[in-house]
**Student:** 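Take this structure first; my questions come after.
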Amino acid sequence: MRVMIVAFALVLSYALSWNLRNELENFTAKMEITNVSEYEAIAKQKLPKMVYDYYASGAEDQWTLQENRNAFSRILFRPRILIDVSEIDMTTTVLGFKISMPIMLAPTAMQKMAHPEGEYATARAASAAGTIMTLSSWATSSVEEVALTGPGIRFFQLYVYKDRNVVAQLVRRAERAGFKAIALTVDTPRLGRREADIKNRFTLPPFLTLKNFEGLDLGKMDKADDSGLASYVAGQIDRTLSWKDVKWLQTITKLPILVKGVITAEDTRIAIEAGAAGIIVSNHGARQLDYVPATIMALEEVVKAAQGRVPVFLDGGVRRGTDVFKALALGASGIFIGRPVVFSLAAEGEAGVRKVLSMLREEFELTMALSGCRSLNEITRDHITTDWDAPRPVPRL
């Protein structure tokens, strides 16, 4: 009886939130959104507190969560002038796939908590923008369902479960569905202490499932005394995951494997030796270990260790086109955005995600022009200055 009452309360909460969503649609339409960050306040108004907190919060003191953003402000530009920037080319190639810009979509879980169309809307928006979407293992839409939304370049983010048959099956399904790479998350042997989720007793709403696991009795998340997700991870995710498993994955799929969650030179070198096709510098949106560096601060160390052998990508903290430029100047081949996707999805559905990608594209193009760069190849380390740079010699006249 108590379970039924709790489930009814959750459904009622969502029903009320969708009514509020409809009331706020007109407000959002009238309000002119001029930058990506403005979507967060709208999402906070529209979403149930449990859902908003799940998307927005970080681990423990949330120092790294703030630092992921603040660190960008400590990198300044050294723009070059009097260069013909009448034509700007932002196109690039990732793992052999040409995309319109070096701005891609990171895996964000359970997107139907944000909007009824969830991952479908995100997939369509990414395809329309000519860029890559990464689907989370814990999506509320399956790999097959997302593939049916239409053409697009898509990667699949993978958590390794204790039951390796489940993992193998999932990887093969992603491959059959036309996904082009596996983004292996390596920083989650246990779930970070997310205190907002503990306070809210976070769990997946009863009308949603983790669709990729629906037929395996792993699609539901039980209510727990703290965080339902933490309990789910403790019960299902393999804590023994090691570098040998990166090699094992290569025996069950021909898809290239990106290792997501690297922030040190040491692990970069091991990842490359293990056969990684690329590195994603990520601290899991500051949701795992607090007091690790911002990803933009860890990026250059990883790039130097990679020595050009594999591409390095940045995930975390990007909210402006200027952030994209700074990441590329430090050696990234591209960046991934996460929270801006779910916040804009909550606010305006597919149209919101499209607008986020459009705004970031326009800001990045403007930054390139004002810095004197006509193509991505022209963005260099000399276009920025950082706290850790050695003093520059003053040129003699």
Side-chain angles (χ1 to χ4, degrees), residues 36 39 55 90-159 170-171 173-185 210-212 255-258 260 277-278 280 282 284-285 311 313-316 318 324 332-361 364:
V36 166
Y39 274 117
Y55 290 140
M90 290 179 286
T91 60
T92 189
T93 301
V94 173
L95 299 182
F97 299 99
K98 189 172 182 179
I99 56 176
S100 66
M101 56 184 173
I103 302 166
M104 298 165 282
L105 282 68
T108 47
M110 312 177 211
Q111 291 185 15
K112 285 187 179 178
M113 294 196 304
H115 190 276
E117 292 199 331
E119 294 85 2
Y120 307 151
T122 301
R124 291 192 296 264
S127 180
T131 193
I132 293 167
M133 173 201 181
T134 313
L135 184 71
S136 170
S137 280
W138 295 337
T140 39
S141 309
S142 70
V143 289
E144 293 85 2
E145 289 170 335
V146 170
L148 288 174
T149 62
I153 305 165
R154 300 181 183 112
F155 295 169
F156 181 70
Q157 176 270 332
L158 179 69
Y159 286 111
L170 191 53
V171 168
R173 283 171 56 198
E175 198 166 1
R176 285 196 301 270
F179 285 70
K180 303 302 183 186
I182 300 295
L184 174 66
T185 294
L210 302 178
K211 272 285 189 172
N212 287 313
L255 295 179
I257 296 168
L258 300 172
K260 179 178 180 288
I280 302 177
S282 173
H284 212 112
F313 305 97
L314 177 92
D315 168 46
V318 172
V324 180
S333 295
I335 66 92
F336 289 88
I337 56 169
R339 286 184 177 93
V341 172
V342 289
F343 291 150
S344 60
L345 183 66
E348 295 180 330
E350 180 182 337
V353 182
R354 285 184 181 230
K355 187 163 185 178
V356 157
L357 291 169
S358 175
M359 285 190 293
L360 285 175
R361 178 185 176 88
F364 178 52

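Quantities reported herein were computed from a predicted structural model and do not represent experimental measurements.
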**Student:** Are side-chain heavy atoms of Arg154 and Thr149 found at a separation under 4.5 Å?
**Tutor:**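 In contact.
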**Student:** Checking Arg361 side chain against Met90 main chain: does a donor-acceptor pair fall under 3.5 Å?
**Tutor:** no
**Student:** Return the CD1 to CG distance between Ile280 and Leu184, rounded to the nearest 0.5 Å.
**Tutor:**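 Reported to 0.5 Å precision, the distance equals 9.5 Å.
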**Student:** Can you tell me how far CD of Glu175 sits from CD1 of Ile182, rounded to the nearest 0.5 angstrom?
**Tutor:**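 Answer rounded to 0.5 Å: 7.5 Å.
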**Student:** Within this structure, what is the CD1-CD1 distance for the pair Ile132 and Ile103, rounded to the nearest 0.5 Å?
**Tutor:**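 It comes to 12.5 Å.
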**Student:** Show the nearest heavy-atom pair for residues Ala277 and Pro311, with the distance to one decimal.
**Tutor:** O-CD, 3.3 Å
**Student:** Answer yes or no: is there a donor N or O on one side and an acceptor on the other, between the side chain of Arg173 and the main chain of Glu144, under 3.5 Å?
**Tutor:** no
**Student:** Counting C-beta onward and ignoring hydrogens, is there a side-chain heavy-atom pair between Met113 and Thr140 closer than 4.5 Å?
**Tutor:** no
**Student:** So, applying side chain to side chain contact (heavy atoms under 4.5 Å, CB included) with Met104, which one of Ile335, Ile99, Thr92, Thr134 is it?
**Tutor:**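 Checked Ile335, Ile99, Thr92, Thr134 against Met104; only one passes side chain to side chain contact (heavy atoms under 4.5 Å, CB included): Ile99.
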**Student:** Can you sort out the partners of Arg354 under salt bridge (Lys or Arg N to Asp or Glu O under 4.0 Å), two or more places apart, ordered by chain and number?
**Tutor:** Glu350
**Student:** Hey, does Tyr39 have a side-chain heavy atom less than 4.5 Å from the side chain of Glu348?
**Tutor:**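 They are in contact (side-chain heavy atoms under 4.5 Å apart), so the answer is yes.
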**Student:** Run Ile337 and Val36 through side chain to side chain contact (heavy atoms under 4.5 Å, CB included) and show every step you take.
**Tutor:** CA-CA 11 Å; Ile337 56 169; Val36 166; over 6 Å; no
**Student:** Could you work out, with side-chain contact (heavy atoms from CB on, under 4.5 Å) as the rule, every residue matching Ala129, not counting sequence neighbours?
**Tutor:** Met101, Thr131, Leu357
**Student:** Measure the OG-CG distance between Ser282 and Leu258 for me, rounded to the nearest 0.5 Å.
**Tutor:** 12.0 Å
**Student:** Looking only at heavy atoms, which two atoms of Lys211 and Ser142 are closest? And how far apart?
**Tutor:**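 So the two residues come closest at CB-N, 3.4 Å.
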**Student:** Which residues pass the salt bridge (Lys or Arg N to Asp or Glu O under 4.0 Å) test with Arg176, not counting sequence neighbours?
**Tutor:** none
**Student:** Taking the side chain as every heavy atom from C-beta outward, state whether Glu145 and Tyr120 have any pair of such atoms under 4.5 Å apart.
**Tutor:** yes
**Student:** With heavy-atom distances below 4.5 Å as the criterion, would you say the side chains of Thr185 and His284 are in contact?
**Tutor:**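 Yes. Closest side-chain heavy atoms under 4.5 Å.
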**Student:** Provide the closest heavy-atom pair for Ser136 versus Asn212 in the form atom of the first, atom of the second, distance.
**Tutor:** O-ND2, 3.6 Å
**Student:** Tell me, do Thr108 and Leu345 make a side-chain contact under 4.5 Å, heavy atoms counted?
**Tutor:** no
**Student:** Nearest heavy-atom pair of Ser127 and Pro151: which atoms, and what distance?
**Tutor:**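 Ser127 and Pro151 have their closest heavy atoms at OG-O, 2.7 Å.
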**Student:** Do the side chains of Met133 and Glu119 get nearer than 4.5 Å, heavy atoms only?
**Tutor:** yes
**Student:** Please find the pair of heavy atoms, one from Ser344 and one from Val341, that lie closest to each other, and give the distance.
**Tutor:** OG-O, 3.0 Å
**Student:** How close do Phe155 and Lys180 get, counting heavy atoms only, and between which atoms?
**Tutor:** CE2-CB, 4.0 Å
**Student:** A side-chain contact here means heavy atoms from C-beta on lying under 4.5 Å apart; do Phe156 and Ser137 qualify?
**Tutor:** yes
**Student:** For side chain to side chain contact (heavy atoms under 4.5 Å, CB included), just list the numbers for Met110 and Leu210, CA-CA rounded to whole Å, side-chain angles, deciding distance to a tenth of an Å, and then say yes or no.
**Tutor:** CA-CA 7 Å; Met110 312 177 211; Leu210 302 178; 4.1 Å; yes
**Student:** Aromatic rings Tyr159 and Trp138: how do their planes relate, parallel, tilted or perpendicular, breaks at 30° and 60°?
**Tutor:**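 Tyr159 vs Trp138 ring planes: parallel.
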